[in-house]
Amino acid sequence: MDAMEGTTWGHQLLLGYDKNPFLNAWLTRLALFLNDGSVWTIYLFSQLSVAICFWATFSLGKKILPPIYALIGVLLLESIQYYNLHAIDFNDNTLELALWSLTILFFYQASLKNKLSDWLLTGLFAGLGMMAKYYTAMLLIPMGLFLLMNSIARQQLKHLKIYAGLLVFIAIILPHTIWLFFHDFITIHYAIGRVSNAPALLNPLLNHLQSPLRFTWQQFEVLLPALFLFAILLLNKKPALTTLPPLNNFDKTFLFWVGAGPFLLTVLLSVFFGMKLRAGWGQPLFSLWGIILIRTFTPRLSREGLISFLGLLAALSIVMMSVYSIALIRAKEHSSANFPGQIIARELTQQWEKKYHTPLGFVAGPRWIAGNIAFYSHDHPDVYIDWDNKISSWIHENELRKTGAIFVWDPTEAIQISEKDIRARFPELGEVNIMHFFWMRNNKMKPIEIKVAFLPPSPFTEFHKKPVEEGEASQSHHPTLLSS
């Protein structure tokens with residue numbers, strides 16, 4: 001689903017989109033470009049994001065822990081779904097794994113040694129993080145507090161190098177900021193809508209308690225596998241391979257403000273303002289928590305304990321991936337993984353090209369179905385999301401009317417523009433047909449129903465037409481039932 005949306009946006013390299021800034025869309029476009037349109041590179045990018053996160057976390061961990069303990073701190077993350085199953089999709093949350101970890105690593109080095117290159121890299125990755133998702137502010141605010149609270153880091157405010165990094169940060173976010181002024185701050189409005197809670201009917205204070213408590217519990221559930229593996233290390237009584245040196249004040253305050261600070265700040269803001277929190281926002285919050293656990297409880301790491309830990313981690317990973325795959329294959333409920341987007345796109349593209357003998361340039365309708373058609377169609381048309389030019393600012397209706405388009409509706413969506421309203425805007429729209437498609441991997445589920453109409457290219461004259469067989473003509477006016 002996220003790969004499809006990133007591709008929809010990435011068709012046009014803008015400085016912002018209706019939900020997020022530009023970085024996710026641009027990198028999705030790059031992934032497709034690098035492999036001539038093959039989609040597997042999009043998923044490769046998500047795994048590269050995880051790998052970069054692990055490298056940066058390990059590099060930082062070695063500055064606080066002996067290398068073997070730093071490695072354990074990273075391997076603990078591998079048991080958390082945010083770094084395995086949840087990181088399959090390439091989206092803004094997965095991208096934050098890499099960008100947050102790189103920002104943290106170079107910020108640590110810059111705060112301690114005040115090297116210009118570290119400050120410049122901190123500004124670079126902090127700016128890119130903001131252009132992936134505004135939620136990066138939950139990392140930057142604790143970083144700023146750490147600069148004020150720690151005596152060593154506070155000294156860097158007296159030098160110009162930190163301000164050079166700040167200029168890099170501003171240079172990266174400035175084009176998008178200017179773009180916002182010309183697009184009614186659409187991504188800001190979307191972000192506000194995502195955190196807005198419906199007023200509680202009985203007690204308004206409930207919003208200030210339910211969401212932060214639910215979010216905290218959801219993150220605890222995600223951390224359970226790592227806590228289980230860590231408990232195995234704590235139970236070990238064998239002689240340790242190495243000992244941990246005392247934790248200095250700089251590292252202690254850094255781990256609190258930058259390691260735990262983003263999670264605590266997220267929860268506190270929800271408590272004070274009643275913001276609605278979503279579980280997936282926790283994905284970039286825990287990269288330093290393996291190091292925090294080790295530094296807080298100090299497990300005795302022996303050779304035998306390390307072997308047991310690695311064996312359990314491998315077994316847990318295999319079980320999680322197997323259960324996940326089997327659950328998707330046997331899913332009896334609607335799932336984007338089983339959506340027949342490729343079949344729908346192929347059928348509609350063939351019908352369009354057979355009728356008008358021209359490539360499909362546009363598809364309009366709900367984000368999900370229209371996006372799937374554009375994603376899988378070999379013509380890769382532009383998507384006119386919800387026929388809304390504010391959402392799809394790259395669409396010019398005059399060009400769409402000239403080139404023609406496929407219009408689709410999803411009868412299961414409660415909120416969408418009606419056929420009547422669309423026909424009033426596009427009176428030349430053809431007949432609306434109902435089509436059905438079986439779900440992939442489970443033909444026993446009720447087939448998907450969509451409504452389809454063709455907006456013919458303008459002007460579309462008899463010269464462009466090809467004689468249509470009688471069977472073809474009758475087929476176009478009746479529901480189509482396809483099997484995967």
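Listed for the Asn338 side chain is a donor-acceptor partner under 3.5 Å among the backbone atoms of Leu328. Here the side chain of Asn150 pairs a donor or acceptor atom with the backbone of Ile152 at under 3.5 angstrom. Thr94 places no side-chain N or O within 3.5 Å of a backbone atom of Phe90 that could act as its donor or acceptor partner. Side-chain atoms of Ser101 do not come within 3.5 Å of backbone N or O of Ala98 as any donor-acceptor pair. Looking only at distances, no side-chain donor or acceptor of Asp386 sits under 3.5 Å from a matching main-chain atom of Gln416. Between the side chain of Arg295 and the backbone N or O of Ile64, at least one donor-acceptor pair lies under 3.5 Å. Between the side chain of Ser46 and the backbone N or O of Ala87, at least one donor-acceptor pair lies under 3.5 Å. In terms of modelled atom types and a separation under 3.5 Å, the side chain of Tyr83 and the main chain of Ser287 share a donor-acceptor contact. Here the side chain of Ser79 pairs a donor or acceptor atom with the backbone of Leu76 at under 3.5 angstrom. A donor-acceptor pair is defined here as one N or O able to donate and one able to accept, closer than 3.5 Å; no such pair exists between the side chain of His208 and the backbone of Met275.
Counting only N and O atoms by type, the side chains of Glu5 and Trp9 include no donor and acceptor under 3.5 Å apart. The closest side-chain donor-acceptor pair between Asn24 and Asp92, if any, does not fall under 3.5 angstrom. Under the 3.5 Å distance criterion, with hydrogens and angles disregarded, a donor-acceptor pair is assigned to the side chains of Lys133 and Asn93.
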Kindly indicate, with the supporting measurements, whether the criterion side-chain contact (heavy atoms from CB on, under 4.5 Å) is fulfilled by Phe54 and Leu97. CA-CA 9 Å; Phe54 285 175; Leu97 292 180; over 6 Å; no

Step by step, would you call His11 with Phe375 a ring pair (Phe, Tyr, Trp, His ring centres under 6.0 Å)? CA-CA 10 Å; His11 271 193; Phe375 187 92; 9.2 Å; no

Can you check side-chain hydrogen bond (donor to acceptor under 3.5 Å, both in side chains) on Asp118 and Tyr108, steps first, answer last? CA-CA 9 Å; Asp118 288 331; Tyr108 177 92; over 6 Å; no

Hey, mind stepping through Leu99 and Leu23 against side-chain contact (heavy atoms from CB on, under 4.5 Å) and telling me if it holds? CA-CA 11 Å; Leu99 295 174; Leu23 189 60; 3.6 Å; yes

Start with the C-alpha gap between Phe250 and Phe146, add the side-chain angles, then the distance that decides, and say whether side-chain contact (heavy atoms from CB on, under 4.5 Å) holds. CA-CA 10 Å; Phe250 181 90; Phe146 170 75; 3.6 Å; yes

Full working for side-chain contact (heavy atoms from CB on, under 4.5 Å) between Thr103 and Leu128: CA-CA 9 Å; Thr103 302; Leu128 292 176; over 6 Å; no

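To the nearest 0.5 Å, the span separating CD1 on Ile291 from CZ on Phe254 amounts to 9.0 Å. Put simply, CE on Met131 and NE2 on His176 are 4.5 Å apart, with the number rounded to the nearest 0.5 Å. Once rounded to the nearest 0.5 Å, the distance linking CH2 of Trp281 with OG of Ser270 reads 9.0 Å. Leu148 CG to Leu157 CG: the interatomic distance, rounded to the nearest 0.5 Å, is 6.5 Å. In this structure, the separation between CG on Leu247 and CG on Leu65 is 8.5 Å, given to the nearest 0.5 Å. Taking CZ of Phe256 as the start and CG of Leu264 as the end, the distance is 5.5 Å to the nearest 0.5 Å.
Between Phe182 and Ile178, the closest heavy-atom pair is CD1-O, 3.2 Å. Of all heavy-atom pairs spanning Leu233 and Leu301, the tightest one is CD2-CD1, 3.9 Å. Shortest non-hydrogen contact noted between Trp387 and Ala364 is NE1-CB, 3.3 Å. Nearest heavy-atom pair across Ile385 and Ser392 is N-OG, 2.8 Å. Minimum interatomic distance between Ala279 and Tyr82 (heavy atoms only, all atoms of both residues): O-OH, 2.7 Å. The two atoms that bring Leu244 and Pro66 nearest to each other are CD2-CD, 3.3 Å, heavy atoms only.
Between Phe106 and Phe125, the ring-plane angle classifies as parallel under the 30° and 60° cut-offs. Taking the six-membered ring where the residue is Trp, Phe220 and Trp217 present tilted rings, their angle falling between 30° and 60°. Relative orientation of the Trp100 and Tyr135 rings is parallel, given thresholds of 30° and 60° on the angle between their planes. Using a 30° and 60° split on the angle between ring planes, Phe286 and Phe263 fall in the tilted class, from 30° to 60°. Under the 30°/60° scheme for interplanar angles, the aromatic rings of Trp409 and Phe407 are found to stand perpendicular.
Side-chain contact check for Ile68 versus Leu306: some heavy-atom pair is nearer than 4.5 Å. Contact check for Pro225 versus Ile80: no side-chain heavy atoms found under the 4.5 Å cut-off. Side-chain contact between Val74 and Glu78 is absent, with no heavy atoms from C-beta onward closer than 4.5 Å. Here the side chains of Trp26 and Leu30 are not in contact, with every heavy-atom distance at 4.5 Å or above. Counting only heavy atoms from C-beta outward, the side chains of Phe339 and Asn372 approach each other to under 4.5 Å. The closest side-chain heavy-atom distance from Asp18 to Thr187 is not below 4.5 Å. Residues Glu96 and Gln283 form no side-chain contact, since every pair of their non-hydrogen atoms from C-beta on lies 4.5 Å or further apart. The shortest distance between side-chain heavy atoms of Met445 and His334 falls below 4.5 Å.
Within a 6.0 Å radius of CZ in Phe273, other residues, nucleotides and ligands contribute 12 heavy atoms or fewer. Within a 6.0 Å sphere centred on CZ of Arg303, other residues, nucleotides and ligands contribute 12 heavy atoms or fewer. More than 12 non-hydrogen atoms from other residues, nucleotides or ligands lie less than 6.0 angstrom from CE of Met320.
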